[in-house]
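Below you'll find the structure, written out as structure tokens, and then a few comments.
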Amino acid sequence: MSLGFVIGESRPTSVTAITSRALSVGEYIKIATDEGEILGLVEKSSISSAAFTDVRNFDEAAESTEIAELNKRDKTFIAHIGILGFLENLRKGKSIIPAIPPIPGTEITPPTKQDLEEIFSPKNKGWIKIGSLLRNKTVDAKINLDKIVSRHLGILAMTGMGKSNLVSLITKQISKLNGTVIIFDYHNDYTNLNIPRINVIDAKINPRLLDADQLSDVLEIRESATVQQRVLRMAFTETVKKSKEFWKKLETEVGYIVDSEDKKIKEIRSSAYRVQDIIEESQRRFEDILDPDMGDPISFIKEGRANILNISELSEKQANVALAFYLQQLLKDRKDASIAKHGRSKRQRNYKFNSPIFVIIEEAHVFIPKDHDTSAKYWAAKIAREGRKFGLGLGIVSQRPRSVDLNVLSQMGSFAIMKIIQEDDQRQIASATESTSRELIAQLTSLNVGDAVLVGQWTNLPSMVHVEEVKEKVMGSDQSAVDAWAKADTMKEIAVESTQGLVQKDLLLE
Ligand SMILES: Nc1ncnc2c1ncn2[C@@H]1O[C@H](COP(=O)(O)OP(=O)(O)O)[C@@H](O)[C@H]1O
Ligand SMILES: [Mg+2]
């Protein structure tokens with residue numbers, strides 16, 4: 001079946017075609033050249049009508065409709081097609097662009113289902129289905145899980161477009177394969193995920209394991225309160241860290257500063273008083289978060305499970321400290337495991353995880369921000385650079401790609417990008433991804449919920465897909481305010497009734 005012909009000036013990487021019907025952006029087509037069959041992707045599509053050019057007023061437009069209907073040749077369908085490479089090589093995951101551009105007049109045909117399946121749904125191990133091709137719905141869209149663990153993944157889209165759904169889907173699939181996933185869940189989106197092998201952990205911080213600056217952050221000592229920070233640094237000694245009664249010992253140490261007669265120390269007495277208050281207050285305020293007797297936080301993470309670390313109770317600074325701690329420990333553990341595996345030394349086993357781990361950071365613009373340094377960012381960047389050597393994959397999720405550190409973003413080997421309208425965001429994504437995907441990124445505004453552009457190493461080719469909806473998820477869907485108000489109203493009535501009841505009872509008592 002012929003779809004059309006190459007026209008105008010062709011290049012090795014792109015051609016223009018005139019076609020018998022309007023092609024959809026994102027649709028695949030085949031170009032049969034002498035060197036072999038080439039696969040192309042429709043990047044732009046336009047329709048024009050001879051009858052409607054130079055129409056200047058309503059009456060002319062009305063007449064033109066009739067002319068256009070009568071004249072079979074009235075419509076012109078033009079498609080700009082990006083050349084993806086020879087079909088034969090694409091099946092093996094290699095893109096080889098023709099040396100000679102397709103000659104104008106070359107025929108364009110639709111690819112067969114088999115052509116597309118060989119590329120987009122390989123039957124190889126490690127490839128899992130996440131949905132179907134957006135414009136060729138009968139073809140499964142699969143991704144290569146190995147590549148996201150070894151080369152990292154970015155999931156970027158506006159709020160409500162399906163990021164967490166995709167995270168849930170990938171998590172479900174990895175845990176089916178007995179893999180280890182860790183999600184830092186800042187908005188409590190995943191604790192209700194109803195999949196087997198899930199392990200929900202309320203993240204806590206063991207203050208003994210921190211350094212003084214981190215402790216100052218989790219106690220929420222202000223950044224500008226440098227004297228208070230100094231007091232804490234003086235008091236937070238090794239003995240405190242090892243003391244059975246952590247808080248008491250820390251308070252005692254600050255107490256020494258308060259009571260000191262040393263002239264220099266006297267100057268900081270008022271700050272020391274304040275630190276005393278802060279420590280006392282924190283024990284109450286952060287009772288559920290700071291726990292010196294919890295042991296090693298890493299011990300709560302289970303291998304072969306979907307671990308959901310609920311960090312929603314933590315403040316931003318606390319979450320940052322927690323994240324940095326986990327990332328640092330995980331990297332160290334994976335390094336130790338890989339040294340033990342490859343090294344000859346028969347040292348004592350000092351690692352916990354035997355197999356690769358995939359870590360997912362939601363709200364990446366908060367923890368890996370562009371404009372300032374955080375300790376979580378430091379460790380995320382390190383994992384982005386070194387993780388693949390040790391089997392530690394990073395997934396970063398954000399609705400504000402423009403505010404995510406570009407260095408870290410560029411280290412992501414694959415991306416799923418859903419609807420994004422902001423131009424700043426699109427620009428940032430374009431600079432973080434390969435140039436071949438830019439045209440697809442221009443399509444981002446037109447996507448619907450659950451539609452995604454997949455680029456990078458986890459697919460054989462950039463593609464537009466519709467992601468499956470995870471049914472096991474109690475999603476963070478938009479709340480109905482109207483429903484909530486209706487409920488609140490009935491609650492109020494009940495409340496009024498019961499207070500009236502009380503009033504009457506009170507009256508009776510008198
Ligand atoms: N692939 C999909 N197919 C259909 N609906 C989806 C899909 N992904 C998400 N949704 C719907 O959109 C809502 C928001 O999805 P979510 O993944 O929480 O978005 P985000 O994390 O980007 O804010 C969900 O409640 C779900 O109903
Ligand atoms: Mg989400």
Side-chain angles (χ1 to χ4, degrees), residues 26 120 128-143 153-174 181-195 198 200 306 308-312 316 319 323 358-368 394-404 409 412 414-422 425-426 428-429 441 443-454 458-459 463-484:
F120 297 103
I128 55 144
K129 181 184 170 187
I130 63 161
S132 53
L133 292 186
L134 192 60
R135 308 279 182 240
N136 304 71
K137 292 194 168 53
T138 58
V139 178
D140 287 351
K142 290 190 179 177
I143 53 107
L153 171 68
I155 300 180
L156 309 171
M158 288 159 52
T159 301
M161 285 301 141
K163 296 182 298 297
S164 298
N165 179 69
L166 180 58
V167 168
S168 306
L169 182 61
I170 291 171
T171 303
K172 184 174 108 178
Q173 302 280 18
I174 295 181
V181 181
I182 301 168
I183 302 179
F184 292 101
D185 187 4
Y186 194 43
H187 288 308
N188 205 349
D189 278 336
Y190 300 96
T191 50
N192 292 325
L193 189 61
N194 189 13
I195 58 170
I198 192 162
V200 178
I308 314 295
L309 266 170
N310 179 10
I311 52 171
S312 63
E316 193 180 310
L323 218 74
F358 191 53
V359 176
I360 297 166
I361 302 177
E362 279 257 2
E363 306 291 323
H365 50 279
V366 173
F367 300 110
I368 312 171
L394 187 65
I396 64 178
V397 183
S398 174
Q399 69 267 26
R400 285 174 64 94
R402 64 180 180 281
S403 310
V404 179
L409 207 57
M412 302 296 113
S414 303
F415 286 92
I417 311 149
M418 292 112 181
K419 187 174 186 129
I420 281 191
I421 286 178
Q422 273 262 352
D425 287 330
Q426 293 183 3
Q428 173 90 338
I429 294 168
I441 286 164
Q443 301 304 317
L444 292 176
T445 47
S446 67
L447 298 180
N448 295 311
V449 176
D451 296 347
V453 168
L454 308 185
W458 63 342
T459 56
S463 53
M464 282 166 93
V465 307
H466 182 76
V467 177
E468 253 168 41
E469 191 172 6
V470 176
K471 295 283 187 268
E472 293 91 335
K473 187 158 162 47
V474 187
M475 294 292 249
S477 54
D478 293 348
Q479 308 251 324
S480 162
V482 177
D483 283 353

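Whatever order the structure lists ligands and atoms in, that order sets their numbers, starting from 1.
N310 places a side-chain N or O within donor-acceptor distance of the main-chain N or O of S312, the cut-off being under 3.5 Å. A distance-only check finds a donor-acceptor pair linking the side chain of Q428 to the backbone of V404 [under 3.5 Å]. In terms of modelled atom types and a separation under 3.5 Å, the side chain of S414 and the main chain of W458 share a donor-acceptor contact. With hydrogens and angles disregarded, a donor-acceptor distance shorter than 3.5 Å links the side chain of D425 to the backbone of R402. K419 contributes a side-chain N or O that, together with a main-chain N or O of T445, makes up a donor-acceptor pair within less than 3.5 Å.
Inclusion of T159 in the set of residues having an N or O under 3.5 Å from an N or O of ligand 1 is not warranted. Looking at ligand 1, you'll find an N or O of V467 within less than 3.5 Å of one of its N or O atoms.
If you look at Q399 next to ligand 1, there are no close heavy atoms at all, none under 4.0 Å. Under 4.0 angstrom from ligand 1, the non-hydrogen atoms of M161 all belong to its backbone. At a 4.0 Å heavy-atom cut-off, ligand 1 touches E468 through the backbone alone.
Between the side chains of Y190 and S164, a donor-acceptor pair is found at a separation under 3.5 Å.
Every atom of ligand 1 is numbered from 1 in the order shown, and the set under 4.0 Å from a heavy atom of S164 is 17 (O), 18 (O), 20 (P), 21 (O). Ligand 1 places these atoms under 4.0 Å from at least one heavy atom of M158: 22 (O). Close approach to H466 involves these atoms of ligand 1, each under 4.0 Å from a residue heavy atom: 3 (N).
If you look at Y186 and F367, their ring centroids are closer than 6.0 Å.
For E362 and K163, the salt-bridge test fails: no basic side-chain N is under 4.0 Å from an acidic carboxylate O.
Contact annotation: N165 places no N, O or S atom under 2.8 Å from the Mg ion (ligand 2).
Ligand 1 is approached by G160 to a heavy-atom distance shorter than 4.0 Å.
The option with the heavy atom closest to atom 10 (N) of ligand 1, from among V449, N165, L156, is V449.
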